[in-house]
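Atom set for the values below is all heavy atoms of this structure, side chains included, hydrogens, waters and symmetry mates excluded.
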Amino acid sequence: MQKIVGLWRNMSKPEALTLAVKIEDWFQARGWQVLTEWEDIIKHKIEFLISLGGDGTLLQAAREASTYGIPVMGVNFGKLGFLCEIEREEVYSALEKLLRQEYQIQERLMFNVVINGGGQDGASYRVLNDVVFSREGSDGIITLQANLSGEPSVSYPADGLIISTPTGSTAYSLSAGGPIVSPNVQAILLTPLAAHSLSARPMLVSDEEEIKILLANGEKCVVTFDGRQSTLIYADQAVVIKTAPTKALLIRIGTRSFPQVVREKLRDRWHD
C-alpha cells in the first residue's frame, strides 16, 4: 500500500510554497503520495503532516490534526520560534530521518473551551496556545474571577487575563511576565495583563482543574482563542476551560532541545 504524507502550507509565504513543490517531488521520487488539500488529507490515512510556515502555521496545523491523531512536523519560515524545530536548510536531512522513523512524538496539552449563558450556550473552541480575556477599546479595567473546580479562587482587576497551556507559556503570556513552562509539565497557567492589584499574581494549576472565568466587574470583555477567533462576553456569561481529551502531536527530530530553544530565544539574557 502506498504511503501518504500531507503538506500544510502558509499560503502567504512564497518561499514556503516553492519548498512545498520540491518536497512533493522528493516524496514522490521515493514512492509516496503527497496531499495538500485538507479535505483530501482527512479522508486518507496519512503517516504525518508537514507544516511549512512559522509557529502560527504549526499551531493551526497541529490543532486541526489533533482531531485525527495526525503527528505534525514544523519547518520554520518565520523568525526563531519555540515550536518549529526544523530550519529550511535542515529539511531534507529531517525528511530522511522521518522515513527511517528516527523521531519522537511529543504530546501537547490542549483546551476545550465552552461559553455558557447569554445566548451562546455550548459555543465551543479547541485551543493549543491560550485563551485571552481583554477589555474592549478604551473601557476601564475589568475584574475577572477565576473559579477552580467549582470554588472561587482569585479575582484579577486588570486589563485582562491569559489562560495558557505549557505551549502557550512562551507566547503572549511570556510577554506579560508569565513563566516559561516546559512542555513536559501538565499544567494550566493564569497570567494577568497589567494587573491593578499586587495580590493578582500569575498562578500555575493542575491540568485536572476545571477553570470557570466570570466577568465580576465591567460590562463586557473580548475573549480570543489562539489569537485567531474572538467573541464578546458579558456579565451574565461564563467561560469554562478544561483540558481536552486529545493532545496535539508534534514530531521531534531532536535537532533542537527545549533548553536550547530557550537559550536561543532569550540570548540577550544568556551568559556563557
Taken to the nearest 0.5 Å, the spacing of Thr18 OG1 from Leu52 CG works out to 11.0 Å
| field | Working for side chain to side chain contact (heavy atoms under 4.5 Å, CB included), residues Gln106 and Arg108 | value | CA-CA 6 Å; Gln106 186 178 70; Arg108 294 289 184 111; 2.7 Å; yes
Query raised in the report: More than 12 foreign heavy atoms under 6.0 Å from CD of Glu151: is that the case here?
Result: no
OG1 (Thr165) and CG (Asn129) are apart, to the nearest 0.5 Å, by 5.5 Å
### Query
If you draw a 6.0 Å radius around CZ in Arg201, do more than 12 non-hydrogen atoms from other residues or ligands fall strictly inside?
no
CD1 of Ile163 to CD1 of Ile213, rounded to nearest 0.5 Å, is 4.0 Å
Q: Please answer: with hydrophobic residues joined when any side-chain heavy atoms are less than 4.5 Å apart, are Ile211 and Val131 in the same cluster?
A: yes
All heavy atoms of Met203 vs all of Val154, minimum pair found to be SD-CG1, 3.7 Å
Practice task
Take Trp32 and Trp26 through the ring-ring contact (aromatic ring centres under 6.0 Å, His included) test and state the conclusion after the steps.
Solution key: CA-CA 9 Å; Trp32 285 62; Trp26 189 91; 8.7 Å; no
| request: Give the C-alpha distance, both sets of side-chain angles, the deciding distance and a yes or no for side chain to side chain contact (heavy atoms under 4.5 Å, CB included) between Arg126 and Asn112. | output: CA-CA 5 Å; Arg126 180 66 58 87; Asn112 273 344; 2.8 Å; yes
Taking every heavy atom of Ala200 against every heavy atom of Ser155, the minimum-distance pair comes out as CB-O, 4.4 Å
Value for CG (Leu98) from CD1 (Ile86), rounded to nearest 0.5 Å, stands at 8.0 Å
Test of understanding: clusters of I, L, V, M, F, W, Y form through side-chain heavy atoms closer than 4.5 Å, transitively. Do Ile142 and Tyr156 belong to the same one?
yes
Taken to the nearest 0.5 Å, the spacing of Gln33 CD from Lys3 NZ works out to 14.0 Å
Point to revise | ILVMFWY cluster, Leu190 and Val181 together (side-chain gap under 4.5 Å) | key: no
d(Trp8 CH2, Thr57 OG1) to nearest 0.5 Å is 9.5 Å
*So, Asn76 versus Arg88: side-chain donor-acceptor pair below 3.5 Å or not?*
no
Exercise for the section: Could you walk me through whether Leu232 and Val222 pass the side chain to side chain contact (heavy atoms under 4.5 Å, CB included) test, one step at a time? Expected result: CA-CA 5 Å; Leu232 280 174; Val222 180; 3.7 Å; yes
Does Val185 share a hydrophobic cluster with Ile188, counting links as ILVMFWY side-chain heavy atoms below 4.5 Å and allowing steps through other members?
no
When every non-hydrogen atom of Leu109 is compared with those of Leu128, the smallest separation belongs to O-CD1, 3.7 Å
*Do Glu37 and Lys43 sit within salt-bridge range, that is, some charged N less than 4.0 Å from a carboxylate O?*
no
ask   = Any donor-acceptor pair under 3.5 Å linking the side chain of Thr170 with the backbone of Thr167?
value = yes
**Prompt:** Between Phe27 and Ile50, does a side chain to side chain contact (heavy atoms under 4.5 Å, CB included) hold up when you go through it step by step?
**Reply:** CA-CA 12 Å; Phe27 272 104; Ile50 298 173; 3.7 Å; yes
Met73 and Leu95 have their tightest heavy-atom pair at CE-CD2, 4.0 Å
